[in-house]
Amino acid sequence: MKNILVTGGAGFIGGNLVRFLLATEPEVTVVNLDKLTYSGNLANLEGVLDHPRHFFVRGDIGDRDLVRRLLRERKFEGVLNLAAESHVDRSISNAEVFVRTNVLGTQVLLAAALEAGVGRFLQVSTDEVYGSLGPEGRFREDTPLHPNSPYSASKAGADHLVQAWHHTYGLDTVITRCSNNYGPWQFPEKMIPLMINNARRDQPLPVYGDGLNVRDWIHVLDHCRGLWTVFCEGGAGEVYNIGGHSERTNLEVVRVILKILGKPESLITMVRDRPGHDRRYAIDTGKIERELGWRPRYDFEKGLVDTVDWYREHQDWLDQVVSGDYRRYYQEMYENR
Ligand code: NAD
Ligand code: TYD
């Protein structure tokens, strides 16, 4: 039996990872540590919350006493750290909590993992730590880090700490750097669910700048399979890029969403650009493909149709998560553009 700690397991990727592990790894028990911030929601764990191999703990990865106690008591084979503040626009409005959770929280987890003798620490990072590309080229694992937003700077800080814990103290660590995820249970502040949510309500679809920024899109389940592959088979101290081989401009993605929903392109509203907006991300996934045999399986256009269908079928979930705090935040953001 493998005893695993997943942090941030009530969020978008973490919730999908918990479901994936419970469904595909009968030997794995998951303890799920999550603070339940605005983007963490127990509704994301519907159907698996009471699973006999899943234990939910509400708490902050930066709470040193809680984290040390949990790691000492449970003797984890591994920690997969997904807990984070994850949205670039929010980091531009208020960076402090990004540093607290993404940098300090990761340091608390690393120290506790070393102290408790955890077998392996997987840090879930992002391609955004590499910065921004021009029209050519791809990020490789040895591309120098050049983060541009407070979000990506905090993730890069965490990556450096993880590598320091490996180099200095010998903790067995691996880092994954993945491109933009899409799929079910994503909080509708991120582009794809935001556009689906607005389009279904015939609200404007706010496209930043000229809409020609490029992201590489990956289905969240391809990412989860990649995380587990790296956790089980990656080399200690190594970094692995994960990507979807699906580069699209934002306008291309928005137009496809409108087409799937049968809504008019007149809903597209060009708004002021995001400050410091990274132009293009593209990932070289040669290392994980060659060394660990992982490749993305989802076709983007097909995955997007399935994803739009999922949100259509989960309108109650959308209504629930966009109420309260998020609605106020989004209105302010939108009015300021
Ligand atoms: P999310 O915002 O949907 O989920 C984050 C989760 O972390 C939430 O459940 C939240 O409650 C929890 N959390 C936040 N602060 C916490 C704290 N201090 N202690 C405990 N829990 C806390 O984000 P996501 O999109 O699922 O991203 C998960 C991870 O994957 C993040 O580390 C992010 O940087 C990384 N990542 C995301 C993407 C993407 O496209 N979404 C791509 C690459 C990497
Ligand atoms: P986002 O989903 O926030 O992910 P990230 O900034 O981490 O890549 O944004 C994806 C792209 O979509 C990015 O280029 C910004 C753009 N975008 C919009 O044009 N409008 C929006 O309302 C949002 C949220 C994003």
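Ligands are counted one by one from 1 in listed order, and the atoms in each one are counted from 1 as well. All values reported here derive from a predicted model rather than from experimental measurement.
Geometrically, ligand 2 and H277 share a nitrogen or oxygen pair separated by less than 3.5 Å. The shortest N or O to N or O distance between L194 and ligand 2 is not below 3.5 Å. At least one N or O atom of T37 sits closer than 3.5 Å to an N or O atom of ligand 1. Remark: ligand 1 and S39 share an N or O pair separated by less than 3.5 Å (distance only, no angle test). Looking at D89 next to ligand 2, no N or O pair under 3.5 Å apart turns up. At least one N/O-N/O distance between K35 and ligand 1 falls below 3.5 Å. For ligand 2, one of its N or O atoms has an N or O atom of N250 under 3.5 Å away.
The side chain of K155, and not its backbone, has at least one atom closer than 4.0 Å to an atom of ligand 1 (non-hydrogen atoms only; side chain from C-beta on). Here I192 has no heavy atoms under 4.0 Å from ligand 2, in either its backbone or its side chain. Counting heavy atoms closer than 4.0 Å to ligand 2, residue N180 contributes side-chain atoms (C-beta onward) but none from N, CA, C or O.
Not close to ligand 1: G9, with no non-hydrogen atom less than 4.0 angstrom away. Within the structure, ligand 1 has S179 among the residues with a heavy atom less than 4.0 angstrom away. For G105, the closest heavy-atom approach to ligand 1 does not fall below 4.0 Å. Ligand 1 lies nowhere less than 4.0 angstrom from a heavy atom belonging to G62. Using a 4.0 angstrom heavy-atom cutoff, N180 counts as in contact with ligand 1.
Taking the six-membered ring for Trp and thresholds of 30 and 60 degrees, W165 and Y169 have ring planes inclined between 30 and 60 degrees apart. The aromatic rings of H219 and Y298 lie parallel to each other, with less than 30° between the two planes, well short of the 60° mark. The aromatic rings of H54 and F56 lie tilted to each other, with the angle between the two planes from 30° to 60°. Ring-plane geometry between W217 and F300 is classed as parallel, the angle between the planes falling under 30 degrees on a 0 to 90 degree scale with a further cut at 60.
With hydrogens left out, the protein atom closest to atom 9 (O) of ligand 1 is D34 OD2, 2.6 Å, a heavy atom. For atom 25 (O) of ligand 1, the closest non-hydrogen atom of the protein is F12 CD2, 3.7 Å. Ranking protein heavy atoms by distance to atom 4 (O) of ligand 1, first place goes to G11 CA, 3.4 Å. In terms of protein heavy-atom proximity, atom 35 (C) of ligand 1 is nearest to V124 CG1, 4.0 Å. For atom 37 (C) of ligand 1, the closest non-hydrogen atom of the protein is I13 CD1, 3.4 Å. Protein heavy atom in closest approach to atom 19 (N) of ligand 1: I61 N, 2.9 Å. Summary of contacts: the protein heavy atom closest to atom 15 (N) of ligand 1 is T101 CG2, 3.5 Å.
The environment of R140 atom CZ is sparse: at most 12 non-hydrogen atoms of other residues, nucleotides or ligands sit within 6.0 angstrom. Counted within 6.0 Å of NE2 on H146, heavy atoms from surrounding residues, nucleotides or ligands total 12 or fewer; the atom is thus considered open.
Remark: ligand 2 atoms within the under-4.0 Å shell around heavy atoms of H87 are 3 (O). In the vicinity of Y151, heavy-atom distances shorter than 4.0 Å reach the ligand 1 atoms 33 (C), 34 (O). Interface atoms of ligand 1 facing D60, defined by a heavy-atom separation under 4.0 Å, are 17 (C), 18 (N), 19 (N). If you number the atoms of ligand 2 from 1 as listed, the ones under 4.0 Å from a heavy atom of V88 come out as 6 (O), 7 (O). Close approach to V207 involves these atoms of ligand 2, each under 4.0 Å from a residue heavy atom: 19 (O). Per-residue contacts place E189 under 4.0 angstrom from the following atoms of ligand 2 (heavy atoms of the residue considered): 24 (C). Set against the non-hydrogen atoms of A84, the atoms of ligand 1 under 4.0 Å away are 5 (C), 7 (O), 14 (C), 31 (C), 32 (O). Taking every non-hydrogen atom of G40 and a distance limit under 4.0 Å, the qualifying atoms of ligand 1 come out as 8 (C), 9 (O), 11 (O). Taking a cut-off of under 4.0 Å to the non-hydrogen atoms of S86, the atoms of ligand 1 that pass are 1 (P), 2 (O), 23 (O). Taking every non-hydrogen atom of L82 and a distance limit under 4.0 Å, the qualifying atoms of ligand 1 come out as 28 (C), 29 (C), 31 (C), 32 (O). Listed by number with element, the atoms of ligand 1 under 4.0 angstrom from any heavy atom of G59 are 19 (N), 20 (C). Residue P206 approaches ligand 2 through these ligand atoms, each under 4.0 Å from one of its heavy atoms: 18 (C), 19 (O), 20 (N), 21 (C), 22 (O). Set against the non-hydrogen atoms of E128, the atoms of ligand 2 under 4.0 Å away are 5 (P), 7 (O), 8 (O). Counting atoms of ligand 1 from 1 in the listed order, those under 4.0 Å from a heavy atom of L36 are 11 (O).
Of the N and O atoms on the side chains of E289 and T285, at least one donor lies less than 3.5 Å from an acceptor on the other residue. Using modelled atom types, one finds a donor on one side chain and an acceptor on the other under 3.5 Å when comparing Y281 with E128. When only modelled atom types and interatomic distance are considered, D127 and S179 share no side-chain donor-acceptor pair under 3.5 Å. Counted by atom type alone, N3 and E77 present zero donor-acceptor pairs between their side chains at under 3.5 Å.
A distance of 9.0 Å separates OG1 of T143 from CZ of R177, quoted to the nearest 0.5 Å. To the nearest 0.5 angstrom, K155 atom NZ is 13.5 Å from H160 atom NE2. From S91, atom OG reaches atom CG of N102 across 9.0 Å, with rounding to the nearest 0.5 Å. In this structure, CG on L45 lies 8.5 Å from CH2 on W185, to the nearest 0.5 angstrom.
Cation-pi geometry between R74 and F55 is satisfied (NZ or CZ under 6.0 Å from the ring centre, within 45° of the ring normal).
Side-chain contact between E25 and I4: absent, with no pair of heavy atoms (C-beta onward) separated by less than 4.5 Å.
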Next item on the list: Any chance you could lay out the side chain to side chain contact (heavy atoms under 4.5 Å, CB included) test for H51 and R19, step after step, and finish with the verdict?
Entry: CA-CA 10 Å; H51 191 287; R19 286 169 190 282; over 6 Å; no

Item checked: side chain to side chain contact (heavy atoms under 4.5 Å, CB included) assessment of R90 paired with E189 -> CA-CA 10 Å; R90 283 184 188 251; E189 65 184 350; 2.8 Å; yes

Next item on the list: Mind running side chain to side chain contact (heavy atoms under 4.5 Å, CB included) on E238 and E141 for me, showing each step along the way?
Entry: CA-CA 9 Å; E238 294 291 322; E141 287 81 356; over 6 Å; no

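Counting heavy atoms only, R274 comes closest to atom 6 (O) of ligand 2 of the residues R274, M191, R215, K190.
Just one of Y38, Y311, W317 meets the ring pair (Phe, Tyr, Trp, His ring centres under 6.0 Å) condition when paired with F187; it is Y38.
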